[in-house]
> 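After the structure tokens below, expect a handful of questions from me.
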Amino acid sequence: MSASAAPALAGETQVAVAANFTEPAKEIAARFEGATGHKATLSFGSSGQFFTQIANGAPFQVFLSADVERPQKAEAGGLAVAGTRFTYATGRVVLWSKTAGLVDARGAVLKAGKFEKLAIADPKTAPYGLTAVETLRKFGLYGQLTPKLVTGTSITQVYQFVDTGAAELGFVALSQVATHSLGSRWIVPAADHTPIDQQAVLLKTGAHNVAAKAFVAFLKGREAKAIIRRYGYEVR
């Protein structure tokens, strides 16, 4: 293929991406464009909100959810191409504070309760928020800490709450803090919550879009997996 022919053949796809996957998705999209000439235009938000938008006709062609449930629903509801759903990453949740020494290595700060605000994502729409609630219930602290909870619409907003000091600590995705060592953190043991298997699916709107199909294939490849691992996710 000649260089002059590439732009005419290059396509574009609209991709809905769970907020926790923001940074790796940006890197993957850049590598994807460099490797294929196709452009992936990314939108970030909560998985639940994206599913509602997709069900109402939003023009996304690929859906990268933070859970299994929404891609399954998309497939079952005829919104996705059958057989294209797969787990692209397994996430980890972290209790993080911008204050050094506030969060200890075992998460005992939660039991001590010496803080005013604890940020979590909305458990109704954000899988990482549901995981946070699950973790608090496991430790028998959900009822006790409910008055201190500050709820963000997505995991991105939770990070912003903690980063700006609106909350002293919060449950964020490991991917959001994997590339810096600011403050203090506790990586919640995977055994303390349901695995955060994050699935992707090609939507019916992308069934005949060359760029959409190419992006899904690229996401499964070695280069994308290396980026995903670098942000603290597990990859199968």
> Group every Ile, Leu, Val, Met, Phe, Trp and Tyr by side-chain heavy-atom contacts under 4.5 Å, then state whether I228 and V201 land in the same group.
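Cluster IDs for I228 and V201 differ.
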> For the pair L202 and F215, evaluate side chain to side chain contact (heavy atoms under 4.5 Å, CB included) and give the outcome as yes or no after the intermediate values.
CA-CA 9 Å; L202 178 67; F215 184 79; over 6 Å; no
> If you look at every heavy atom in L219 and A224, which pair is closest and at what distance?
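That would be O-CB, 3.7 Å.
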> Which heavy atom in A121 sits nearest to a heavy atom in S154, and how many Å separate them?
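Closest approach of A121 to S154: CB-C, 4.0 Å.
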> Does the side chain of T90 come under 3.5 Å of the side chain of D197 through a donor N or O and an acceptor N or O?
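Judged by distance alone, the side chains do pair up.
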> Are V158 and Y233 co-members of a hydrophobic cluster defined by side-chain heavy atoms under 4.5 Å apart?
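No, separate clusters.
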> Can you see which heavy atom on G232 is nearest to which on L174, and at what distance?
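Looking at all heavy atoms of both residues, the shortest contact is O-CD2, 3.4 Å.
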> Rounded to the nearest 0.5 Å, what separates atom OG in S47 from atom CZ in F21?
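Answer rounded to 0.5 Å: 12.0 Å.
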> Hey, any chance L102 and L145 share a hydrophobic cluster, counting ILVMFWY side chains that come within less than 4.5 Å of each other, even indirectly?
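Shared cluster, yes.
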> Taking side chain as C-beta onward, heavy atoms only, is W96 less than 4.5 Å from F171?
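No, every pair of side-chain atoms sits at 4.5 Å or beyond.
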> Has the side chain of N56 got a donor or acceptor atom that lies under 3.5 Å from a matching backbone atom of T52?
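Yes, N56 side chain to T52 backbone: donor-acceptor pair under 3.5 Å.
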> Would you give the length of the straight line joining atom OG1 of T125 to atom CG of L130, rounded to the nearest 0.5 angstrom?
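CG of L130 is found 10.0 Å from OG1 of T125.
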> First locate atom CD1 of I155, then atom OG1 of T22, and finally report the distance between them rounded to the nearest 0.5 Å.
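The OG1 atom of T22 is 10.5 Å from CD1 of I155, to the nearest 0.5 Å.
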> How about F161 and K117: do any of their side-chain heavy atoms sit closer than 4.5 Å?
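Sidechains of K117 and F161: no contact.
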> Restricting to non-hydrogen atoms, name the atom on T99 and the atom on S184 that form the minimum distance, rounded to 0.1 Å.
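So the minimum-distance heavy-atom pair works out to O-OG, 2.7 Å.
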> For the hydrophobic clusters of this structure (ILVMFWY residues joined by side-chain heavy atoms under 4.5 Å, transitively), does one cluster hold both F44 and V62?
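Both belong to a single hydrophobic cluster.
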> Using a 6.0 Å distance limit plus a 45 degree cone around the ring axis, check whether K220 lies over the aromatic ring of F86.
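Judged by the rule, K220 and F86 form a cation-pi pair.
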> Check R137 with E134, please: is the shortest side-chain N to carboxylate O separation under 4.0 Å?
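No.
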> What's the separation between atom CZ in F63 and atom NZ in K73, rounded to the nearest 0.5 Å?
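With rounding to 0.5 Å, CZ (F63) is 10.5 Å from NZ (K73).
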> Going from OG on S65 to CD on Q199, what distance comes out if it is rounded to the nearest 0.5 angstrom?
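The CD atom of Q199 is 8.5 Å from OG of S65, to the nearest 0.5 Å.
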> Would you say the side-chain atoms of Q49 and S46 include a donor-acceptor pair closer than 3.5 Å?
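Yes, a side-chain donor-acceptor pair sits under 3.5 Å.
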> Taking T131 for the side chain and P127 for the main chain, is one N or O donor matched with an acceptor at less than 3.5 Å?
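Yes, because the side chain of T131 sits within donor-acceptor range (under 3.5 Å) of the backbone of P127.
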> Between Q198 and Y88, do the side chains contain a donor N or O and an acceptor N or O under 3.5 Å apart?
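Judged by distance alone, the side chains do pair up.
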> Taking the side chain as every heavy atom from C-beta outward, state whether T179 and S175 have any atom pair closer than 4.5 Å.
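With C-beta onward as the side chain, the pair stays apart.
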> Does the pair V177 and L182 meet the rule for a side chain to side chain contact (heavy atoms under 4.5 Å, CB included), with working shown?
CA-CA 8 Å; V177 296; L182 299 174; over 6 Å; no
> Quick check: is L42 connected to F218 through a chain of hydrophobic side chains (ILVMFWY, heavy atoms under 4.5 Å apart)?
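Yes; tracing contacts between hydrophobic side chains, which count when under 4.5 Å, links both residues.
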> Would you check if the side chain of K98 reaches a backbone N or O of D163 as a donor-acceptor pair within less than 3.5 Å?
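Answer holds: yes.
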> I'd like to know if the side chain of D122 and the backbone of A126 have a donor-acceptor N/O pair within less than 3.5 Å.
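Answer holds: no.
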> Closest heavy-atom contact between A212 and T13?
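For A212 versus T13, the nearest heavy atoms are CB-OG1, 3.3 Å.
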> About how many Å separate CZ of F50 and CG of L64, when rounded to the nearest 0.5 Å?
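That separation rounds to 10.0 Å.
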> Donor-acceptor check, side chain of K204 to backbone of E75, threshold 3.5 angstrom: yes or no?
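Between the backbone of E75 and the side chain of K204 there is no qualifying donor-acceptor contact (under 3.5 Å).
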> Is the closest side-chain heavy-atom distance between V188 and H193 below 4.5 Å?
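Contact flag for V188/H193 side chains = yes.
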> Charged N to carboxylate O under 4.0 angstrom, K39 versus E33?
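Salt bridge absent between K39 and E33.
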> Check for a donor-acceptor pair, side chain of E168 on one end and backbone N or O of S97 on the other, with a separation under 3.5 Å.
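Answer holds: no.
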> Can any side-chain N or O of K124 pair as donor or acceptor with the backbone N or O of G129 at less than 3.5 Å?
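Answer holds: no.
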> Is any side-chain heavy atom of D104 closer than 4.5 Å to one of W186?
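No. Closest side-chain heavy atoms not under 4.5 Å.
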> Less than 3.5 Å apart, any donor N or O on the side chain of T164 or Q160 sitting next to an acceptor on the other?
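On atom types as modelled, these side chains do not qualify, holding no pair under 3.5 Å.
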> Is the shortest heavy-atom distance from the side chain of N20 to the side chain of V172 under 4.5 Å?
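Result no, sub-4.5 Å side-chain heavy-atom pair not found.
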> Any side-chain heavy atom of Q14 within less than 4.5 Å of one from N209?
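No - every pair of side-chain heavy atoms lies 4.5 Å or more apart.
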> Within a 6.0 Å radius of atom NE2 on H180, are there more than 12 heavy atoms belonging to other residues, nucleotides or ligands?
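Counting other residues, nucleotides and ligands, NE2 of H180 exceeds 12 neighbours.
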> Any side-chain heavy atom of Y142 sitting closer than 4.5 Å to one from L149?
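Yes, side chains in contact.
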> Please step through side chain to side chain contact (heavy atoms under 4.5 Å, CB included) for the pair L203 and I54, ending with a clear verdict.
CA-CA 9 Å; L203 299 170; I54 289 164; 3.9 Å; yes
> Go through it in stages, so that I can follow the logic: the residues are T41 and E12, the test is side-chain hydrogen bond (donor to acceptor under 3.5 Å, both in side chains), and I'd like the CA-CA distance, side-chain angles, deciding distance and then a yes or no.
CA-CA 7 Å; T41 299; E12 183 175 352; 2.6 Å; yes
> Quick one: do the Y231 and Q176 side chains pair a donor with an acceptor below 3.5 Å?
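Judged by distance alone, the side chains do not pair up.
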> Answer yes or no for R70 and F51: cation-pi contact, defined as NZ/CZ to six-membered ring centre under 6.0 Å and angle to ring axis within 45°.
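Relative to the ring axis of F51, which defines the angle, R70 lies outside at least one limit.
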> Salt bridge or not for E27 and R230, using N-O below 4.0 Å?
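A salt bridge links E27 with R230.
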> Please lay out, stage by stage, how Q61 and K213 fare under the test side chain to side chain contact (heavy atoms under 4.5 Å, CB included).
CA-CA 9 Å; Q61 289 141 351; K213 291 189 282 188; over 6 Å; no
> Please find the pair of heavy atoms, one from A132 and one from I120, that lie closest to each other, and give the distance.
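Distance-wise, the nearest heavy atoms are CB-CG2, 3.8 Å.
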